[in-house]
Amino acid sequence: MIAPIAEMSARRMELCDEHLRAAAADMLRHDARLRDIDVRVEFSGCVAHLTGVVDNTRQLRLVRELVGRIAGVLAVWDRVEVGGRLPRILDVGCGGTKQYPENVGIDIRPGPGVDVVADLRQGIPFEDNSFDRVFAVHVLEHLVDFLPLVDECHRVLRHGGVLHVLSPWWRYVNAVADPTHVRLLDVQTFKGICERATDRVWFPLHAACDGASVFADLECAEPGAAPPSPEHLARFFD
């Protein structure tokens, strides 16, 4: 029997953040592939937050990949300027708290962080390929059928853009304590999303669980792209 994952205490999370900052700084300083890349890494709750400037998306993907390989990293989020352009970021179901202040916030009700009022069950009111990142933080668990919203996130993302998901883990008490939660999620849920037989292909960049929440960073693949290989899926999923 597999032992359950224990929720991390606030003190342990703080210590892990300190360790991850040191590990990332050491990697940026000594990895020859990264020496000419102007990216900074901070950690909060074991989530890596990247800022800085890169010349192209290839450099950013390299940094994301290497940071994501550090043991203990739960997700890799960024606001990195690429080729002179800052990413355009959408925060779906943001409520009063956007993940970054400059994000475009959308929710069903007006609020201090809401820029656009819309019912996500009816789709996302933006054009195709109009964002570089989409955050869905504590959103999917509130939808009886969240796959249409996942598909909409794929539609509004530019190819190579990233969907960041954070939801309560199904075995944690908060997953069932909130009566507005109608779905339970696990890391394996994202394997199912990536294996769906659809033209909206997702490529997993990262997936993890900290004992209270599940995290996933999913890259929006180009139309006609091959689905992720079993070998790549095995990196994150059972």
Side-chain angles (χ1 to χ4, degrees), residues 5 7-82 85-91 94 97-103 131-139 153 157 160-169 187 190 194 202-220 228 232 235-237:
I5 302 172
E7 179 193 3
M8 294 178 68
S9 67
R11 178 56 179 160
R12 185 183 175 199
M13 190 79 75
E14 180 183 339
L15 292 171
C16 284
D17 282 343
E18 292 178 10
H19 163 75
L20 292 171
R21 287 188 196 101
D26 186 66
M27 181 184 68
L28 290 170
R29 186 165 52 249
H30 295 293
D31 192 315
R33 294 169 293 180
L34 303 175
R35 285 177 187 164
D36 297 325
I37 297 178
D38 182 21
V39 170
R40 294 166 294 282
V41 187
E42 287 295 328
F43 285 89
S44 178
C46 297
V47 173
H49 296 265
L50 311 183
T51 57
V53 179
V54 297
D55 295 331
N56 51 59
T57 56
R58 181 187 59 79
Q59 290 180 331
L60 177 56
R61 183 166 185 144
L62 174 63
V63 177
R64 272 206 207 110
E65 171 69 18
L66 295 180
V67 171
R69 289 181 187 177
I70 301 173
V73 173
L74 296 174
V76 182
W77 299 356
D78 85 273
R79 291 180 288 173
V80 174
E81 183 179 313
V82 180
R85 186 177 69 85
L86 286 168
R88 189 178 187 218
I89 305 175
L90 179 66
D91 227 314
C94 65
T97 305
K98 292 188 282 193
Q99 302 311 305
Y100 299 127
E102 64 271 23
N103 291 3
F131 289 92
D132 301 288
R133 312 281 180 271
V134 175
F135 282 97
V137 175
H138 293 298
V139 174
C153 291
L157 275 168
V162 181
L163 169 63
H164 300 293
V165 180
L166 190 163
S167 288
W169 184 42
V187 172
F190 303 108
C194 294
W202 293 104
F203 189 86
L205 300 177
H206 209 78
C209 176
D210 68 353
S213 302
V214 290
F215 300 78
D217 300 333
L218 306 178
E219 183 179 54
C220 174
H232 184 82
R235 176 180 170 188
F236 305 110
F237 310 114

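What you see is a predicted model; the values in this text were computed from it and never measured. Values below: every heavy atom of this structure, side chains too, minus hydrogens, waters and symmetry copies.
- Distance CD/Glu102 to CG/Leu86: 7.5 Å, rounded to 0.5 Å.
- Residues Phe135 and Lys98 fail the side-chain proximity criterion, which asks for heavy atoms closer than 4.5 Å.
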Output a table of donor-acceptor pairs, distance under 3.5 Å, between side-chain atoms of residues 64-78 and any protein atom two or more places apart or on a different chain; print 'none' if there are none.
| from | atom 1 | to | atom 2 | distance (Å) |
| --- | --- | --- | --- | --- |
| Arg64 | NH2 | Asp78 | OD1 | 3.2 |
| Glu65 | OE1 | Arg235 | NH1 | 3.4 |
| Glu65 | OE2 | Arg69 | NE | 2.9 |
| Glu65 | OE2 | Arg69 | NH2 | 3.3 |
| Glu65 | OE2 | Arg235 | NH1 | 2.9 |
| Asp78 | OD1 | Arg133 | NE | 2.7 |
| Asp78 | OD1 | Arg133 | NH2 | 3.2 |
| Asp78 | OD2 | Val80 | N | 3.0 |
| Asp78 | OD2 | Arg133 | NH2 | 3.3 |

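- To the nearest 0.5 Å, atom CG of residue Leu163 and atom CH2 of residue Trp202 are 4.5 Å apart.
- Minimum interatomic distance between His49 and Val47 (heavy atoms only, all atoms of both residues): CD2-O, 3.2 Å.
- Looking only at distances, no side-chain donor or acceptor of Asp217 sits under 3.5 Å from a matching main-chain atom of Val162.
- Nearest heavy-atom pair across Asp17 and Gly45 is OD2-N, 2.9 Å.
- Atom SG in Cys46 sits 11.0 Å away from atom CD in Glu14 (nearest 0.5 Å).
- At most 12 heavy atoms of other shown residues, nucleotides or ligands fall within 6.0 angstrom of atom CG in Asp36.
- The heavy-atom pair separating Val187 from Phe237 by the smallest distance is O-CE2, 3.3 Å.
- For the pair Arg21/Val41, no side-chain contact is recorded, criterion being any heavy-atom separation below 4.5 Å from C-beta on.
- Considering only heavy atoms from C-beta on, Cys209 stays 4.5 Å or farther from Phe215 through its side chain.
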### Task
Begin with the C-alpha distance, continue with both residues' side-chain angles, and end with the deciding distance and a verdict on ring-ring contact (aromatic ring centres under 6.0 Å, His included) for His232 and Phe203.
CA-CA 9 Å; His232 184 82; Phe203 189 86; 4.2 Å; yes
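- Looking only at side-chain heavy atoms (C-beta outward), Gln59 and Leu62 stay at 4.5 Å or farther from each other.
- To the nearest 0.5 Å, atoms CG (Asp55) and CD (Glu81) are separated by 10.5 Å.
- Closest approach of Asp38 and Arg40 over heavy atoms only: OD1-NH1, 3.0 Å.
- The minimum heavy-atom distance linking Val214 with Trp169 is given by the pair CG1-CD1, 3.5 Å.
- Between Glu219 and Arg61 the shortest side-chain heavy-atom distance falls below 4.5 Å.
- To the nearest 0.5 Å, the span separating CG on Leu218 from NE2 on His164 amounts to 9.5 Å.
- Annotation: the span from Leu157 atom CG to Asp132 atom CG amounts to 8.0 Å, rounded to 0.5 Å.
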